[in-house]
Amino acid sequence: MAEPVIAQRSPYAVDVEAGKDYWWCRCGLSKSQPFCDGSHKTTEFRPLKFTAEKSERVWLCGCKHTKHEPMCDGTHNKLPPA
């Protein structure tokens with residue numbers, strides 16, 4: 001499997017609304033980070049749909065290597081230097 005593009009080496013702070021669906025970019029190519037804009041269509045990646053359980057600020061992964069998609073798990077701290 002191909003590696004995603006690292007959109008940024010830190011999470012995105014996003015305010016989500018309870019019950020609303022969101023599409024998190026997995027490929028790293030979206031110009032609407034951290035959300036999908038369809039840029040993945042030339043890749044094997046597909047966005048991840050998630051529904052906010054409550055209205056709150058969440059930290060979405062920017063490096064696209066988290067093990068807890070779509071939330072940041074700190075993996076960006078372990079990536080090799082750019």
Side-chain angles (χ1 to χ4, degrees):
M1 181 176 205
E3 288 289 316
V5 171
I6 297 172
Q8 72 177 25
R9 291 177 175 266
S10 60
Y12 292 92
V14 178
D15 293 321
V16 296
E17 293 179 39
K20 186 174 176 182
D21 293 334
Y22 296 89
W23 292 90
W24 176 70
C25 169
R26 278 184 169 143
C27 70
L29 298 172
S30 175
K31 301 292 186 233
S32 300
Q33 290 294 335
F35 301 111
C36 177
D37 70 358
S39 295
H40 66 274
K41 292 179 181 172
T42 61
T43 75
E44 62 191 65
F45 293 96
R46 298 295 170 259
L48 175 73
K49 179 184 176 183
F50 73 97
T51 304
E53 294 180 16
K54 59 184 179 177
S55 294
E56 64 181 338
R57 176 163 289 176
V58 296
W59 300 91
L60 300 179
C61 177
C63 74
K64 312 303 177 182
H65 286 79
T66 183
K67 302 291 186 257
H68 301 285
E69 294 179 340
M71 304 303 172
C72 175
D73 66 1
T75 299
H76 60 273
N77 292 315
K78 299 173 188 152
L79 295 174

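Quantities reported herein were computed from a predicted structural model and do not represent experimental measurements.
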Nearest heavy atoms of [X] and [Y], plus distance in Å:
X     : Y     : answer
Lys64 : Cys61 : N-SG, 3.1 Å
Thr66 : Thr75 : CA-OG1, 4.0 Å
Cys27 : Ser30 : SG-N, 4.3 Å

With the side chain counted from C-beta on, respond yes when [X] and [Y] share a heavy-atom pair under 4.5 Å apart, and no when they do not.
X     : Y     : value
Pro34 : Gln8  : no
Arg26 : Pro4  : no
Trp24 : Val14 : no

Donor-acceptor pair, side chain of Gln33 and main chain of Gly62, under 3.5 angstrom: no

ring-ring contact (aromatic ring centres under 6.0 Å, His included) partners of residues 41-82, not counting sequence neighbours, each pair once: Tyr22-Phe50

Transitive ILVMFWY side-chain link Leu48 to Tyr12, under 4.5 Å: yes

Hphob cluster co-occupancy, Leu60 + Ile6, side-chain heavy atoms under 4.5 angstrom: no

Pairs touching residues 4-21 that satisfy salt bridge (Lys or Arg N to Asp or Glu O under 4.0 Å), sequence neighbours left out: Asp15-Arg57, Asp21-Lys49

Distance (rounded to the nearest 0.5 Å) between Cys63 SG and Asp73 CG: 7.5 Å

Heavy atoms of other groups near Glu53 CD, more than 12 under 6.0 Å: no

Residues forming a side-chain hydrogen bond (donor to acceptor under 3.5 Å, both in side chains) with Glu56, sequence neighbours excluded: none

